[in-house]
Protein chains: 2
Amino acid sequence: MSDAALWSALADPHRRAIVALLLAGPRPVGEITEACGLSQPSTSKHLKVLREAGLVRVRQDAQRRVYALDPAPIAALDAWLAPYRRLWNSSLDTLGRRLDATSDDTPHPAPPED
Amino acid sequence: MSDAALWSALADPHRRAIVALLLAGPRPVGEITEACGLSQPSTSKHLKVLREAGLVRVRQDAQRRVYALDPAPIAALDAWLAPYRRLWNSSLDTLGRRLDATSDDTPHPAPPED
DNA sequence: CAGTTATATGCCTGTCAAGGAATAAAGACG
DNA sequence: CGTCTTTATTCCTTGACAGGCATATAACTG
């Protein structure tokens with residue numbers, strides 16, 4: 001529940017690396033271990049945290065356990081920062097100029113899309 | 001710099017509370033202290049972390065220090081989760097949780113794309 | 001200047017999380 | 001059944017961090 005688990009899970013750089021790796025597709029623990037340069041027990045522990053935060057799901061394949069990303073909690077993150085997104089959108093607008101112009105929202109659809 | 005500072009700053013619930021409070025507008029330390037039910041030194045320390053993560057800026061007003069949200073780092077967060085957002089958008093599509101059987105050499109071809 | 005308000009810092013302590021080594025558990029396979 | 005493989009768990013140690021208290025710093029006031 002608590003996005004507390006979500007935040008603290010993603011607070012760790014190794015865990016973010018795992019999540020980023022799983023973005024490319026499901027992986028068994030061994031591959032995650034190697035790709036992230038972690039020890040096997042460490043990987044298992046991190047995966048446990050991610051699992052309990054709901055960020056990953058496991059599928060068992062023989063002795064292997066294939067971990068896959070569950071994007072739902074990240075959607076929660078997205079929801080969390082939604083209010084802030086509005087804020088920085090407007091602050092991009094009024095970068096150096098503070099015009100108390102008319103309340104006519106200038107629809108400035110110039111997305112600096114990179 | 002490193003979003004490491006950003007993540008670890010936001011990992012703390014009190015700090016998230018402060019950030020959420022500042023979303024409504026700039027506040028001096030005293031108000032933040034009271035609104036979040038923190039002690040004054042604790043508030044100052046949290047604000048220091050937020051400051052070093054670039055999440056807040058200070059403006060000095062007599063003896064008071066008015067803290068305001070800086071939305072830029074949150075934009076970085078948004079950029080971070082952009083790839084995942086695509087993922088959960090598409091997973092909304094495939095509601096019926098189909099776990100792909102990528103065991104041996106499943107070529108993993110065309111998704112049923114209806 | 002002394003005194004007062006508002007905020008920041010230092011020190012100390014308890015707590016919690018991470019990493020490493022060893023080991024357990026579960027499945028495959030001769 | 002014994003063994004190998006893959007992953008999870010336990011124990012232990014260490015380091016980081018938050019909280020509380022006292023105190024320092026800065027700015028205003030008289």
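Convention: sequence-line order gives letters A, B, ...; per-chain numbering from 1. All of these numbers come straight from a predicted model, not from anything done at the bench.
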| said: If you only use heavy atoms from C-beta on, which nucleotide in dA6(C), dA18(C), dT9(D) is closest to the side chain of Asp12(A)? | reply: dA18(C)
| field | Residue whose closest nucleotide on DNA chain C lies nearer the 5' end, Ala62(A) versus Gly30(B) | value | Gly30(B)
| request: Take the protein atom CZ of Arg64(B) and the nucleotide atom P of dT5(C), then report the distance between them rounded to whole Å. | output: 13 Å
| task | Among dT9(C), dA8(D), dT7(C), find the nucleotide with the atom closest to the side chain of Pro41(A). | result | dA8(D)
| query | Is a donor on one side and an acceptor on the other found under 3.5 Å between the side chain of Arg27(A) and the backbone of Ala68(A)? | reply | no
| When you check the phosphate oxygens OP1 and OP2 of dT6(D), does a side-chain N or O of Tyr67(A) lie under 4.0 Å from one of them? | no
| message | Going by side-chain hydrogen bond (donor to acceptor under 3.5 Å, both in side chains), name the residues that satisfy it together with Thr33(B), two or more places apart in sequence or in a different chain. | response | Thr43(B)
| task | May I ask you to verify if any side-chain N or O of Ser44(B) is less than 4.0 angstrom from the OP1 or OP2 atom of dT7(C)? | result | no
| message | What is the distance, to the nearest angstrom, from the CG atom on Leu38(A) to the C1' atom on dT7(D)? | response | 14 Å
| message | Could you check whether any side-chain N or O of Arg15(A) sits under 3.5 Å from a backbone N or O of Leu10(A), counting only pairs where one atom can act as donor and the other as acceptor? | response | no
| task | Round to a whole Å and report the spacing from NZ of Lys45(A) to C1' of dT13(D). | result | 11 Å
| request: Measure from CD1 on Ile18(B) to C1' on dA18(D) and round the result to the nearest Å. | output: 12 Å
| message | Strictly below 4.0 Å: does His46(A) bring a side-chain N or O up to OP1 or OP2 of dA17(C)? | response | no
| note | When rounded to whole Å, the NZ to P distance for the pair Lys48(A) and dT6(D) reads 22 Å
| query | Separation of Leu50(B) atom CG from dA18(D) atom P, in whole Å? | reply | 10 Å
| Any side-chain N or O of Ser42(B) under 4.0 Å from OP1/OP2 of dG19(D)? | yes
| Does any N or O donor sit under 3.5 Å from an N or O acceptor when you compare the side chain of Gln40(B) with the base of dA6(C)? | no
| request: Measure the acute angle between the ring planes of Trp80(A) and Trp7(A), then classify it against the limits of 30° and 60° as parallel, tilted or perpendicular. | output: perpendicular
| task | Using the side-chain contact (heavy atoms from CB on, under 4.5 Å) rule, pick out the option among Leu6(A), Ile18(A), Asp70(A) that qualifies with Leu55(A). | result | Leu6(A)
| query | Which comes earlier along DNA chain D counting from the 5' end, the contact point of Arg15(B) or that of Gln63(B), where each point is its nearest nucleotide? | reply | Arg15(B)
| task | Can you figure out which of dG20(D), dG19(C), dA8(C) approaches the side chain of Arg65(B) most closely? | result | dA8(C)
| note | Whole-Å distance, Glu52(A) CD to dA17(C) C1', equals 13 Å
| request: Check the distance between dA6(C)'s C1' and Gln60(B)'s CD and give it to me in whole angstrom. | output: 10 Å
